[in-house]
Amino acid sequence: MRRFGIICCICIAGCVKPYSPHLNNPPTGYLVVEGNINAGAGPSTIILSRSVPLTDTASEVFEEGATVALEGSDGTTYASAPGANGTYTFGALPLDTTKTYRLDIHTAGDVEYQSDYVHVIPNPPIDSISIMYKGTDGVYVNVNTHNPSDNTRYYQWSYSETWEYNSAEYSSMEFDPVTDTVIVRPPGNQIFTCWKGDSSTDILIYTSTKLSHDVVSEFPLTFIAEGDQRLSVEYSINVHQYALSADCYNYLLLMQSNTENLGSIFDPLPSNLKGNIHCVSDPSQTVVGFVNVSSEQTLRIFARRPPYWPYIFTCPEPDTIVPSVPKGLYTWFFTGIAPVPPINTDHPPMGIYVPIEMNPMGPGWVSNLIECVDCRQLGGTTTQPWFWQ
């Protein structure tokens with residue numbers, strides 16, 4: 001799920017033999033509509049794609065060349081701009097909260113789809129994001145909000161998280177393959193500190209309808225297990241909050257049940273998802289998706305590594321002194337095939353090495369495996385995010 005991720009894939013496994021469900025999937029697939037109409041100051045992005053059979057190897061089939069517009073009950077119309085991968089983006093939408101709105105879609109194949117008219121749901125600001133420590137197990141990241149008017153009641157959240165981490169060893173030198181020499185590493189080529197990111201995939205929804213007031217207190221967004229890399233240096237999470245209609249909440253609740261609670265005989269059976277989008281050209285067609293209109297509230301926090309956090313990243317191999325052999329550094333530091341054994345080990349190295357510093361005891365270079373020295377080997381980037389502090 002990306003925003004109001006509306007794709008539901010159901011896999012059923014028999015107890016004795018595999019079961020292949022007979023699904024009436026049309027040749028072009030069902031139209032899948034994802035996105036939230038932002039009634040606030042920011043843009044709104046709708047993603048159109050097609051469902052694919054369970055046996056199909058294609059990951060996603062995007063619906064390109066469509067015309068997507070937002071129509072108001074007062075006759076106003078807002079056009080979107082098409083982008084890559086089935087995206088259609090609206091600029092800031094000055095929506096009237098006393099009116100209702102619907103999405104109108106014309107595909108390149110001249111098939112028209114429309115959503116039901118929906119109201120603009122009020123969305124209060126996020127009060128806070130808290131870090132709650134759970135003994136030695138780890139920490140919960142929770143969200144808090146409330147609406148004094150008691151008229152939101154249904155919420156959804158998504159988030160993106162970013163964290164800073166370090167490699168096991170710091171390298172002040174680098175290999176220049178052009179000259180086959182080791183030189184001082186420029187600051188712009190540092191490979192000790194990296195940043196990595198991830199986004200939420202679960203359906204995070206909550207309703208306060210059973211409470212006397214519209215309050216969300218310490219709703220858990222994610223859990224960081226003790227020793228996780230995400231809190232090894234500094235962690236940041238950017239939370240997005242949406243207000244939902246009751247129908248949209250129930251739709252997402254059913255999707256949550258279909259996608260996240262399957263796996264045992266005690267879990268509920270998959271149910272048919274019915275959204276609020278219909279094919280005008282052919283009412284018998286199934287459309288997957290639910291259009292919701294609310295402003296988007298966001299809040300970002302940062303958290304430093306707790307003093308007790310037990311994350312340790314060490315190299316599996318000790319440092320190696322790479323000899324200064326003419327024409328030999330290239331094979332150590334670039335191809336990973338050493339022409340001679342290292343000075344202080346009993347076996348030839350396996351893998352590419354990175355110079356760390358000059359050997360203080362004589363000629364050569366203190367070095368170690370690239371995965372110990374270059375933080376990018378763990379999937380991150382050395383480019384600091386623009387929002388980092």
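Not measured: the values here are computed from a predicted model. All heavy atoms count here, side chains included; hydrogens, waters and symmetry mates do not.
With no hydrogens or angles considered, no side-chain donor-acceptor pair links S245 and D247 at under 3.5 Å. Between the side chains of T87 and N85, not a single donor N or O lies within less than 3.5 Å of an accepting N or O. Using modelled atom types and a 3.5 Å distance limit, the side chains of Q285 and Y113 yield a donor-acceptor pair. A donor and an acceptor atom, one from each side chain of N166 and T193, are located under 3.5 Å apart. The closest side-chain donor-acceptor pair between D176 and T181, if any, does not fall under 3.5 angstrom. N36 and E296 share no side-chain donor-acceptor pair at under 3.5 Å.
Note on ring orientation: taking the six-membered ring where Trp is involved, the planes of Y170 and F192 are perpendicular (angle over 60°, cut-offs 30° and 60°). Under the 30°/60° scheme for interplanar angles, the aromatic rings of W388 and W195 are found to stand perpendicular. Using cut-offs of 30° and 60° on the angle between ring planes, the pair W332 and Y353 is perpendicular. The aromatic rings of F333 and F175 are tilted relative to each other, their planes meeting at an angle between 30° and 60°.
Annotation: F223, atom CZ; neighbour count of heavy atoms from other residues, nucleotides and ligands within 6.0 Å is above 12. For CG of D282, the number of neighbouring non-hydrogen atoms (other residues, nucleotides, ligands) closer than 6.0 Å is greater than 12.
Here the side chains of V33 and L48 are in contact, with some heavy-atom distance below 4.5 Å. A heavy-atom distance below 4.5 Å is not found between the side chains of I37 and Y101. In this structure, H240 and Y159 have side chains that are not in contact, with every pair of non-hydrogen atoms separated by 4.5 Å or more. Between Y154 and N250 the shortest side-chain heavy-atom distance does not fall below 4.5 Å. Considering only heavy atoms from C-beta on, E63 stays 4.5 Å or farther from V68 through its side chain. Put simply, the side chain of V118 does not reach to within 4.5 Å of the side chain of N292, judged on heavy atoms. Y206 places none of its side-chain heavy atoms less than 4.5 Å from the side chain of V143. The shortest side-chain heavy-atom distance between P148 and H146 falls under the 4.5 Å cut-off.
Of the possible donor and acceptor atoms, one in the side chain of D214 sits under 3.5 Å from a partner among the backbone N and O of T152. Between the side chain of S200 and the main chain of D202, no donor-acceptor pair closer than 3.5 Å is present.
When each of V373, L369, D374 is tested with E371 by the rule side chain to side chain contact (heavy atoms under 4.5 Å, CB included), just one qualifies, namely L369. Of the candidates T320, V322, D319, V366 forms a side chain to side chain contact (heavy atoms under 4.5 Å, CB included) with just one, namely D319.
For F290 and Y251, the distance between ring centers is under 6.0 angstrom.
When hydrophobic clusters are built by joining Ile, Leu, Val, Met, Phe, Trp and Tyr residues whose side-chain heavy atoms come closer than 4.5 Å, directly or via intermediates, W309 is grouped together with W163.
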